[in-house]
Amino acid sequence: MEKSKPIEVTNFIEAEINKDILEGKVKGFVQTRQPPEPSGYMHIGHVRNIVLNYGTAKKYGGVCNLRYDDTNPEKESQEFVDAIQEDVKWLGYNWGNIYYATDYFEQNYQIAVKLIKEGKAYVDDLSAEEVSAYRGTLTTPGKNSPYRDRSVEENLDLFERMKNGEFKQGERCLRAKIDMAHPNINMRDPVIYRIQYLHHQRIGDKWKIYPSYDFSHPLDDCIEGVTHSLCGPEFEDHRPLYNWVVENSGLTNHSRQIEYANLYIKGVILGKRFIKKLVNEGKVSGFDDPRLYTIRGLRRRGILPQSLIDFVYAAGISKAVSVIDPAMLDYFVRNTLNDCSKRVMVVTDPIKLVINNLADDEEIEISLADYPQKEETSKRKYYFGKNLYIERSDFEITPPPKYRRLFVGNEVRLNGAFIVKCTGYDLDDSGNVATVYADYDPETKSGSNCTKKVKGTIHWINQNHAKQVEVRLFENLTLPKEDNAAGGKEQTAADDEFNPNSLTILNNCYAEDDVEFNYTDRYQFLRTGYFCLDKDSTADKLVFNRTVSLKDSYKPNTIN
RNA sequence: UGGGGUGUCGCCAAGCGGUAAGGCACAAGACUUUGACUCUUGCAUUCGUAGGUUCAAAUCCUGCCACCCCAGCCA
């Protein structure tokens, strides 16, 4: 086995790993693991865990295995087991092997027996409430359980009978004998095995006793050969216990736990229970609702894996609580999409534009690049005609300062076609602009030698070639304050008022009728944003999700 | 009032005793058949705070302050 070489440091975790390599604590390669509990759908916060675990292992030439922390059947199900694998694959990461904490139950059990024999664990008859009461408080020490000093023989017998299912759930548990007066509550004789009769999605009813996380996790890490066990900040004060288990396990591989901060995004709901609440209450259509920041929600929204990975790397990692500005995610989403999106014209809020100096049946063929951002691109034909649709926001009766688009007397380019000069407009019964009139200049066809310059370019659709589509816009879904008052971190992630208008459906949108759209492509609707086809689309009607809007530097309100 | 963490630009984040990287955001300008993209420029005399050590401190020491996590037979 080749000795790993230290690698250039890019974050504090790699700095720690380098140190371990230099000090010879890590021989061979670095091994990590992704240890999800299959009790929910993964969200953007998990992307960092995935990138970190798989990325770090890869960087050091090691492996990262997927291990389900499936030691609590009460919360877990096969649905989540499957979803996790799908989501990891979608992100483009590959695990070395798939393991389950339940795979190690026999080994865990043997080590528990060993601890009992060494007098380091005992069976406690106290009820859960009593255990809690005996534990003391944050500021006062706990006191020993009256069962703490049972003989090894009695403990062995009782533990065996727990395993055989002779006791009721909650009647007894196995505890590590550490120190009931320890200032760190996790060290006050933690429960390492409890009786559990629920049917397990994977191992059925085989086991009546289940190891707790604090016992199984360090053991499983060591058994698998994990060198660095990366986890969330909430386990920081479990580290002494993690090390206690490792050192008393008798296992030769000693894994090291390193904690890092969770990733939160301002205004985004990430807590499992909050996401479930939104789904259960029907506030969203499911775990893949595009308003959710679950991995599949993001996917349905049209976000590509690369954006997420770039975002996570750019956000960096530390141990400080961080709440990232969503604008940063948007940037990386646009950045990826900009390179690969097909440019199409779609009018999302139409008003009519009539070209005065064109006959009703007259059409002029023009050509537009599908991927103008690329050197080589396919092109397609559009037909410029008399009756067009343009975006309502591209015309103003009284233009605000620095407005470059249409108003009476102003000239603007119709994308890919001609420069037109606005001559007038009509209002409808309710006083809104219905139709705008303009003259086109035949000498100004795009791509010709036309030297005339104009400040604004707008998109359009020929009414004779238009097909109606639906466009869905999403905003961050936030919970009302009273609902997220529970956890500080949830509050940090979603501390705004509930936003009932998080979904806007635009029914009256127009696209060119013979543009072919498909599910795998991404589209930039000129000057409005990036979109993708939603699964709700039918043969009769295409439904688009807005992945992210285009950045718009026009801010009339800031003009003095 | 116990223990464990964290505090560097609006938001992330490097830095680890030698005189404040980078990204997002923002601002100005160039370019432009997308006010997008791209490009150029600007953006912390200061590192929670008060002292101390030193020729020299964000980096070392001390005291404060603020925020986060922990009292499941959850993970």
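Reminder, nothing fancy here: chain letters follow the sequence lines and each chain counts from 1.
- Side chains of A:Tyr371 and A:Gln524: a donor-acceptor N/O pair is absent below 3.5 angstrom, by distance only.
- Using a cut-off of 4.0 Å between Lys/Arg side-chain N and Asp/Glu carboxylate O, A:Arg239 and A:Glu259 are scored as salt-bridged.
- Neither OP1 nor OP2 of B:G3 sits under 4.0 Å from any side-chain N or O of A:Arg239.
- In terms of polar N and O atoms assigned as donor or acceptor, the side chain of A:Arg194 never comes within less than 3.5 Å of the base of B:G72 in a complementary pairing.
- The interatomic distance linking A:Asp330 (CG) with B:G23 (C1') rounds to 15 Å, in whole Å.
- Within the cation-pi definition used here (under 6.0 Å to the ring centroid, within 45° of the axis), A:Lys143 qualifies as a partner of A:Tyr134.
- Salt-bridge annotation for A:Lys342 and A:Asp521: absent, with no side-chain N of the basic residue lying under 4.0 Å from a carboxylate O of the acidic one.
- Listed in residue order, the members of residues 207-217 of chain A having a heavy atom less than 4.0 Å from RNA chain B are A:Pro211, A:Ser212, A:Tyr213.
- In this entry the distance linking CG of A:Asp125 with P of B:C73 reads 15 Å, nearest Å.
- Minimum atom distance to the side chain of A:Ser132 is reached by B:A71, of the listed B:C74, B:C24, B:A71.
- Between A:Thr102 and A:Asp70, the side chains place a donor N or O and an acceptor N or O closer than 3.5 Å (distance only, hydrogens not considered).
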Can you tabulate the close N/O pairs, meaning under 3.5 Å, that link protein atoms to atoms of nucleotides 32-34 of chain B?
residue, atom, partner, partner atom, Å
B:U33, O2', A:Asn415, OD1, 2.7
B:U33, O4, A:Gly447, N, 3.0
B:U34, O2, A:Gln524, OE1, 2.8
B:U34, O2, A:Arg527, N, 3.4
B:U34, N3, A:Gln524, OE1, 2.6
B:U34, O4, A:Arg343, NH1, 2.4

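- When distances are taken from the side chain of A:Val131 to each of B:G4, B:C73, B:U38, the shortest belongs to B:C73.
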Dot-bracket assigned to RNA chain B with the 3.5 Å Watson-Crick/G-U criterion, [ ] for crossing and | for other-strand pairs, is .(((((((.[[[..)..(...]]].(((((.......))))).....[[[[[..)....]]]]])))))).....
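- Side-chain contact between A:Asn11 and A:Leu52 is present, with at least one heavy-atom pair separated by less than 4.5 Å.
- Within the structure, ring-ring contact (aromatic ring centres under 6.0 Å, His included) contacts touching residues 161-197 of chain A (residues at least two apart or in different chains) are A:Phe159-A:Tyr193, A:Tyr193-A:Phe215.
- In this structure, A:Gln169 atom CD and B:G72 atom P are separated by 17 Å, rounded to whole Å.
- Regarding contacts with the backbone of B:C24, every side-chain N or O of A:Lys551 stays at 4.0 angstrom or more from both OP1 and OP2.
- At the phosphate of B:A75, OP1 or OP2 sits under 4.0 Å from a side-chain N or O atom of A:Thr71.
- Other residues, nucleotides and ligands contribute over 12 non-hydrogen atoms within 6.0 Å of the NZ atom of A:Lys319.
- Here, B:U6 and B:U59 have their P atoms 15 Å apart, quoted to the whole Å.
- Put simply, A:Ser39 has no side-chain N or O that comes within less than 4.0 Å of OP1 or OP2 on B:A75.
- A salt bridge is absent between A:Lys163 and A:Glu160; no separation between the charged side-chain nitrogens and carboxylate oxygens falls under 4.0 Å.
- One C1' atom belongs to B:U33, the other to B:G23, and the distance between them is 32 Å to the nearest Å.
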Quick tally for nucleotides 13-18 of chain B: nucleotides whose base has a protein heavy atom under 4.0 Å get B, sugar-phosphate-only ones S, the rest -, giving SS----
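- Of the candidate nucleotides B:C12, B:C74, B:C70, B:C12 has the atom lying nearest to any side-chain atom of A:Val323.
- Taking the centre and axis of the six-membered ring of A:Tyr99, the NZ or CZ atom of A:Arg33 falls outside the cone set by 45° and 6.0 Å.
- Using modelled atom types and a 3.5 Å distance limit, the side chains of A:Asp189 and A:Tyr122 yield a donor-acceptor pair.
- In the set B:G35, B:A75, B:A71, the nucleotide with an atom closest to the side chain of A:Phe235 is B:A75.
- Under 4.0 Å is where a charged nitrogen must lie from a carboxylate oxygen, and between A:Glu411 and A:Lys452 at least one such pair does.
- For B:G3, the base has a donor-acceptor partner in the side chain of A:Asp237 [N/O atoms by modelled type, under 3.5 angstrom].
- Checked by atom type and distance alone, the side chain of A:Ser448 never pairs as donor or acceptor with a backbone atom of A:Thr444 at under 3.5 Å.
- In textbook terms, a nucleotide whose glycosidic angle is within 90° of 0 is syn, while B:G48, being further out, is anti.
- Scanning for ring pair (Phe, Tyr, Trp, His ring centres under 6.0 Å) contacts around A:Tyr530 gives an empty result, with sequence neighbours left out.
- Atoms OH (A:Tyr313) and P (B:C24) sit 18 Å apart, rounded to a whole Å.
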